[in-house]
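A short worksheet on the structure shown next.
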Amino acid sequence: MAEKTPRKFFEPLAAGAPAPYRELPVRLERMIHFVPPHVEKLRARAGELAREVDVVLGNLEDAVPLEAKEAARAGFIQMAQATDFGSTGLWTRINALNSPWVLDDIIQIVGTVGAKLDVIMLPKVEGPWDVHYLDQLLAQLEARHLIGKPIMIHAILETAEGVKNVDAIATASPRMHGMSLGPADLAASRAMKTTRVGGGHPEYKVLADVAGDAPRTAYQQDLWHYTVAKMVDACASAGIKPFYGPFGDFSDAAACEAQFRNAFLMGCAGAWTLHPSQIAIAKRVFSPDPQEVVFARRILEAMPNGAGAVMLEGKMQDDATWKQAKVMVDLARQVAAQDPDFAAKTGL
Ligand code: GLV
Ligand code: MG
């Protein structure tokens with residue numbers, strides 16, 4: 001497939017639209033907290049919520065009843081206008097591109113609160129063509145409404161075709177912020193035999209080999225490992241951020257934490273929080289472990305120019321562990337800047 005030249009890639013797609021970012025703005029996005037904006041009581045708490053989470057997202061897509069689609073859109077606009085979000089991100093998840101609501105979602109939201117909006121989450125992205133459509137439309141609307149900074153696009157990876165095209169989606173536009181794994185729609189799209197929103201399945205396992213007829217231990221495997229790994233590689237190589245999406249069993253905090261932690265260890269920047277109880281879990285999991293940060297700082301200090309090899313507590317350190325330590329300490333600095341407790345624990 002023909003691709004744009006490097007120069008064209010970074011040109012605004014409409015006269016008067018802001019220039020696309022060349023690097024992602026540096027932001028802590030450990031949890032993307034979903035708010036149903038048609039519910040007045042929850043909308044009214046957005047200011048309070050903004051002090052607690054890294055990103056507030058007004059959800060217009062799935063989980064919003066069909067008869068509330070217009071109310072959710074109007075509620076999101078009202079919430080965005082009425083709330084001071086400070087340094088907290090403001091996102092919306094619009095309806096899918098093949099739905100009857102999405103054109104009004106985009107036109108009305110960008111037309112009224114576009115200057116306040118950081119990211120549009122686009123569901124059910126199948127390939128780069130979906131990103132190109134929204135990219136062009138956003139540039140036209142940014143130009144029309146004199147919006148000074150580009151609104152970014154975050155794709156949900158939740159169809160088999162999307163997973164197949166994940167690399168092309170990640171590099172479709174400089175407007176790409178990142179992507180989230182959507183395990184519920186993806187399971188349906190792939191005909192996986194589950195009824196859950198994320199998490200494992202007790203029947204997805206391997207049986208240990210044993211001698212004779214000794215009892216055999218079953219080891220549960222991670223259903224999402226392949227997809228998360230594929231998404232992380234696509235995002236990291238494109239310079240954008242991968243996220244784990246929803247975890248639907250609000251009563252199982254331990255499993256939610258395990259799913260989030262696997263995503264964090266594999267390279268994800270955050271996860272969705274659908275229930276208030278998940279906020280503390282995401283905050284804990286997607287902030288690096290203070291003990292590890294202290295050790296990572298020792299690696300950086302022991303190798304001031306990042307080269308050579310030293311031993312610390314019997315463990316070999318070289319250029320590659322120095323880079324790992326730097327990833328950890330860079331993230332820790334962002335957390336420390338907003339959390340005095342964490343700053344004290346890590347000496348940052
Ligand atoms: C999220 O949208 C999902 O389908 O899991
Ligand atoms: Mg979905």
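Below, each value reflects all heavy atoms present in this structure, side chains not excepted, and no hydrogens, waters or symmetry copies. Atoms within each ligand, like the ligands themselves, are counted from 1 in listed order.
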Within the 4.0 Å heavy-atom cut-off, what Arg196 brings close to ligand 1 is neither

Structural part of Phe247 in contact with ligand 1, heavy atom criterion under 4.0 angstrom: neither

Within the supplied structure, the quantity of interest is the number of heavy atoms (other residues, nucleotides, ligands) at a distance under 6.0 Å from Glu301 CD; does it exceed 12? yes

Under 3.5 Å, is there a donor on one side chain and an acceptor on the other for Ser287 and Arg30? yes

Salt bridge or not for Lys124 and Glu161, using N-O below 4.0 Å? no

Between Asp118 and Lys149, is there a side-chain N and carboxylate O pair less than 4.0 Å apart? yes

Under 4.0 Å from a heavy atom of Trp272: which atoms of ligand 1 are those, numbered in the order shown and with their elements? 1 (C), 2 (O)

Atoms in ligand 1 with a heavy atom of Asp185 nearer than 4.0 Å: 3 (C), 4 (O), 5 (O)

For [X] and ligand 1, does the shortest N/O to N/O distance drop below 3.5 Å?
X      : answer
Glu158 : yes
Glu61  : no
Val197 : no

For the Mg ion (ligand 2), find the closest N/O/S atom on Glu158 and give its atom name. OE1

Kindly give the atom name of the N, O or S atom of Asp185 closest to the Mg ion (ligand 2). OD2

Quick one: sort the Phe260 and Phe247 rings into parallel, tilted or perpendicular, breaks at 30° and 60°. perpendicular

What protein heavy atom lies closest to atom 5 (O) of ligand 1? Include the residue and the distance to one decimal. Ala184 N, 2.7 Å

Result for salt bridge (Lys or Arg N to Asp or Glu O under 4.0 Å) between Asp105 and one of Arg73, Arg93, Lys69 points to Arg73

So, does Glu158 use its side chain to make a donor-acceptor pair with the main chain of Ala184 at under 3.5 Å? no

Should Met231 and Val197 be regarded as members of a common hydrophobic cluster, given that ILVMFWY residues are connected when their side-chain heavy atoms come within less than 4.5 Å of each other, either directly or indirectly? no

What do you reckon, does Pro246 put a non-hydrogen atom under 4.0 Å from ligand 1? yes

